[in-house]
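To find a chain, count down the sequence lines: A is the first, B the second, and so on, and within it residues start at 1.
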Amino acid sequence: MPELPEVETVARTLRRTLVGRRVEKVVRASPLMIERRSVRRLVGQRIDVVDRQGKWMFLRTEGNDVLVVHLGMTGWVGVVPKETEVVPHTHLRARLDEEGQELRFVDPRRFGEWTVMSQPAWEGRFGPKNLGPDALTCSPDELQARLKKTTRRIKPTLMDQRVVAGVGNIYADEILYQARLAPMRPAHSLKRDDVERLHAAMVGVLAASIRDGGTTIQSFIGSDGREGGFQERLLVYGRAGRACLVCESLIQCSPAVVAGRSTYWCPGCQPAKGRRLGRPKARHVVSHD
DNA sequence: CTTGTGCCCTGACCGC
DNA sequence: TGCGGTCAGGGCACAA
């Protein structure tokens, strides 16, 4: 469930609590998720930088290695006092040079990733061919150029991390709703003003969620132990059968738009291609300020 | 190229 | 109270 805003929330906490510290000793590393060679490469290294691109975190060490962290669905990473209770599914405990502090990685579902690799290996795996520009900093022009190249529907395209990095199922629905675009519209059919609305909605929704510390639906907890607040501002996700807050049409839910993934949208505000949009409403994009 | 399916995995939830 | 079934979904492999 962590998407860009949740990962950014975690990254900001790690910049405060982990950057500049050295991993002195790994107390425990579960072979279920963490390779021995990753542990070997990490021990003795200082974490210098926490980068984030989309849902991926890249922690650079002084030895020019990269600790790749993905939270998957249920991942949690953070720095805690070593006495802190060890919760189930804690896959890594590492002692830091800061007295009594421990770096921990927890992931019940094990959809996450925790790998230490060399810089060249990192470049091979996360080059521009494999991971698109971060959704927060992708320009409207770049977004349009990327959407133009494919006949796929806009929702799966937006969720394709090679196209733009950071948007998952929940935010895709919120973004398309605010942009008044039907999720099944072919990506290459979007006109300039469609893309401009899409870009504004994408940046607006993601930034608003970051300000709220992310969305906590089932499980997301920040590195500082706090839940997010954006779940209270979701306008379509999870609202199937309820009235649209703008036009009062019933919110639809279908798993058919993206294979196996639930998709929520408003048939009134997000008409399929061919139907004209209704009278534009100045306040359609709900302000999160 | 596209779409669909299934897998990984656990916990929350629902109906009986 | 308990038990089995279903669902959730990020990323990926694979088939059509």
Side-chain angles (χ1 to χ4, degrees), chain A residues 1-11 30-35 52-58 68-77 86-92 105-115 117 122 124-132 134-135 146-176 182-190 206 209 214-221 227-228 230-231 234 236-241 251 253-265:
Chain A
M1 200 220 54
E3 303 180 33
L4 186 151
E6 291 75 35
V7 178
E8 175 62 18
T9 300
V10 169
S30 161
L32 281 174
M33 285 208 69
I34 298 176
E35 298 170 354
R52 180 194 59 73
Q53 189 172 346
K55 305 170 194 174
W56 295 91
M57 281 186 286
F58 304 123
V68 172
V69 178
H70 195 292
L71 299 178
M73 288 293 299
T74 54
W76 181 93
V77 57
V86 179
V87 299
H89 310 292
T90 296
H91 300 294
L92 181 104
F105 178 59
V106 182
D107 187 4
R109 238 144 127 194
R110 311 215 298 265
F111 279 16
E113 181 175 341
W114 179 287
T115 312
M117 57 182 73
W122 176 83
R125 183 167 160 204
F126 294 101
K129 219 185 79 199
N130 298 322
L131 186 60
D134 188 74
R146 286 167 174 268
L147 297 181
K148 216 166 48 185
K149 286 186 200 158
T150 179
T151 62
R152 297 157 69 195
R153 291 161 299 184
I154 183 62
K155 174 162 173 177
T157 306
L158 202 56
M159 289 172 64
D160 185 336
Q161 305 299 299
R162 291 166 302 186
V163 175
V164 62
V167 178
N169 197 45
I170 295 173
Y171 291 107
D173 284 357
E174 294 298 312
I175 290 165
L176 291 171
M184 61 290 283
R185 279 272 301 269
H188 74 304
S189 77
L190 268 60
L206 297 175
S209 182
T215 300
T216 296
I217 285 196
Q218 289 160 7
S219 57
F220 172 73
I221 304 287
E227 297 195 347
F230 196 72
Q231 60 279 5
L234 297 175
V236 275
Y237 186 84
R239 298 192 71 250
I251 301 297
C253 176
S254 154
V257 176
V258 182
R261 302 292 186 263
S262 54
T263 293
Y264 298 87
W265 83 99

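- Put simply, the side chain of D173(A) never gets that close to the backbone of Y237(A): no donor and acceptor are under 3.5 Å apart.
- Residues passing the side chain to side chain donor-acceptor pair (under 3.5 Å) test with R239(A): none are found, sequence neighbours excluded.
- The CG atom of L71(A) sits 17 Å away from the C1' atom of dA8(C) (whole-angstrom rounding).
- The neighbour count for R125(A) CZ, taken as heavy atoms of other residues, nucleotides or ligands under 6.0 Å away, is above 12.
- One interatomic measurement links the two molecules: CG of L32(A) to P of dC9(B), which rounds to 9 Å at whole-angstrom precision.
- The one candidate from V77(A), V68(A), L71(A) that meets the side chain to side chain contact (heavy atoms under 4.5 Å, CB included) condition with W114(A) is V77(A).
- To the nearest angstrom, C1' of dG10(C) lies 16 Å from CG of N130(A).
- In this structure, the CG atom of N169(A) is 13 Å from the C1' atom of dC7(C), given to the nearest Å.
- Spacing between atom OH of Y237(A) and atom P of dC7(C) amounts to 14 Å, rounded to whole angstrom units.
- Once rounded to the nearest 0.5 Å, the distance linking CE of M33(A) with CG of L92(A) reads 10.5 Å.
- Taking all atoms of both residues into account, the shortest heavy-atom contact from V167(A) to E3(A) is C-OE1, 3.8 Å.
- For the pair Y264(A) OH and dC7(C) C1', the computed distance is 10 Å after rounding to whole Å.
- As rounded to whole Å, 13 Å separates atom P of dT2(B) from atom CD1 of I154(A).
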Heavy-atom protein contacts under 4.0 Å, nucleotides 11-16 of chain C, coded B base, S sugar-phosphate only, - none: B-----
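- One interatomic measurement links the two molecules: NZ of K155(A) to P of dG4(B), which rounds to 13 Å at whole-angstrom precision.
- H89(A) has no side-chain polar atom (N or O) that falls below the 4.0 Å cut-off from OP1 or OP2 of dC9(B).
- Distances shown here put a side-chain N or O of R110(A) below 4.0 Å from the OP1 or OP2 atom of dT10(B).
- Among the nucleotides dG4(B), dG10(C), dT2(B), the one closest to any side-chain atom of R153(A) is dG4(B).
- Residues A135(A) and L206(A) approach most closely at CB-CD1, 3.6 Å, considering heavy atoms.
- Between dT2(B) and T150(A), a contact under 4.0 Å exists linking OP1 or OP2 to a side-chain N or O.
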